[in-house]
Amino acid sequence: MEEIIDTATIVMMVRHATREVLSTMLDLETDSAEPYAESIPPPNSEGVVSFVGLTGERWAGTGCLRSSSVSACHLASRFLMAEYDSVNDDVLDAFAELTNMIIGNLKNDIEQRLGPTGLSIPTVIHGKNFSTRSLKREEWIVVPFHCGTDLLEIRMCLQQRESNTPIVRYGERQEFILSA
Amino acid sequence: MPFDLLIVDDSAAIRKILQRVLLKAEMPIGNIHEAGDGVEALAVLKANKINFVLSDINMPNMDGLQLLSRIRANDEWKSIPVILITTEGSQTKVLEAAHMGATGYVRKPFTPEQINNVLAGLTGANANG
């Protein structure tokens, strides 16, 4: 079993999983933009962000979807075949399920390389002027997708755990700073 | 005879999508019940006569495999077909589900045709809804 996945492989897996889910469930074709690494999260976000924790035998990580509120409504409208022009429970639930499907499919690919992998239940956040950060300083791989006029970002962070860490964690802790 | 179904998924979005798929299928569907996890599903099973169960695996409180185990251990429910619909695609989980008595397995993302075909195979109905 390989124990290292390079960035290019992760990007390829993210693109494959995202395209499969968006085309099958939303009948939506996407163009992926240039991926990039990010160690400092963007300040004062607006929109919808969802997180899923991933954990393996020797590593742990987080998968994240992020979009504007308008884009989240567009995606939910296609997913649920109903019109949504503002973020409500249906939109948040659809966004969480998209996260579950995309990161879940990615997990199936990652398992082939890194062995059995656990997936947490998604957490979804909506708001204006908020920031998110992990308690660890880590680097995220960001893969943007253009879906028509909408932008959806898939963010991944996978890290090897300390070899003598005895506890199994279901995802990294996240700290959310909410301000008015 | 119309079939009464139970959809078990912690995502209301997936429950809605499955409801829509089932109602469009050319199958004699009766009541469609919903549950958000295995615990709620057991309560629905106790209170209703259910012909088919469509269930997610990864859910809080009681997951789909635990639910499947409880259904197969109950004399009244053990013959109910249980279809698992999940992002969980690992060979280990698929084999575990089959070993525990899952009737079918559909991976998310799914097309309406995949759901219809699985159910049509069980009911003998026309799947082209």
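Residue numbers begin at 1 in each chain, while the letters A, B, ... track the order of the sequences.
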Consider only side-chain heavy atoms of I, L, V, M, F, W and Y, link residues closer than 4.5 Å, and tell whether [X] and [Y] are in one cluster.
{"X": "B/Val53", "Y": "B/Ile115", "answer": "no"}
{"X": "A/Phe95", "Y": "A/Leu26", "answer": "yes"}
{"X": "B/Leu84", "Y": "B/Leu22", "answer": "no"}
{"X": "A/Val70", "Y": "A/Leu75", "answer": "no"}
{"X": "B/Ile57", "Y": "A/Met25", "answer": "no"}

Looking only at non-hydrogen atoms, find the nearest pair between A/Ala94 and B/Ala13 and report the distance.
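For A/Ala94 versus B/Ala13, the nearest heavy atoms are CA-CB, 3.9 Å.
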Running the 4.5 Å side-chain criterion over Ile, Leu, Val, Met, Phe, Trp and Tyr, what cluster does A/Leu151 land in, apart from itself?
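Noted: A/Leu151 shares its cluster with no other residue.
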Any non-hydrogen side-chain atom of B/Ile17 less than 4.5 Å from a side-chain atom of A/Met81?
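No, every pair of side-chain atoms sits at 4.5 Å or beyond.
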Give every residue pair that meets the ring-ring contact (aromatic ring centres under 6.0 Å, His included) criterion with at least one member in residues 36-65 of chain B, sequence neighbours excluded.
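Non-adjacent pairs meeting ring-ring contact (aromatic ring centres under 6.0 Å, His included): B/Phe3-B/Phe52.
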What pairs with A/Ala96 under side chain to side chain contact (heavy atoms under 4.5 Å, CB included), at least two apart in sequence or on another chain?
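In terms of side chain to side chain contact (heavy atoms under 4.5 Å, CB included), with neighbours along the sequence ignored, A/Ala96 is linked to A/Pro122, A/Val124.
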For A/Ile121, is it the side chain, the backbone, both, or neither that has a heavy atom closer than 4.5 Å to a heavy atom of chain B?
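Side chain of A/Ile121 only, per the 4.5 Å heavy-atom cut-off to chain B.
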Suppose we count any N or O donor within 3.5 Å of an acceptor, strictly below that value; which pairs fall between chain A and chain B?
from     : atom 1 : to       : atom 2 : distance (Å)
A/Leu80  : O      : B/Arg20  : NH1    : 3.0
A/Leu80  : O      : B/Arg20  : NH2    : 2.6
A/Asp90  : OD1    : B/Lys16  : NZ     : 2.8
A/Asp90  : OD2    : B/Lys16  : NZ     : 2.6
A/Asp93  : OD2    : B/Ser11  : OG     : 3.2
A/Asp93  : OD2    : B/Ala12  : N      : 2.8
A/Asp93  : OD2    : B/Ala13  : N      : 2.5
A/Glu97  : OE1    : B/Ser11  : OG     : 3.4
A/Glu97  : OE2    : B/Lys108 : NZ     : 3.3
A/Asn105 : OD1    : B/Arg107 : NH2    : 2.3
A/Asn105 : ND2    : B/Lys108 : O      : 3.1
A/Lys107 : NZ     : B/Glu88  : OE1    : 2.7
A/Lys107 : NZ     : B/Glu88  : OE2    : 2.8
A/Asn108 : OD1    : B/Gly89  : N      : 3.2
A/Asn108 : ND2    : B/Thr87  : O      : 2.8

Under 4.5 Å from any heavy atom of chain A, what part of B/Pro112 do you find: side chain, backbone, both or neither?
neither
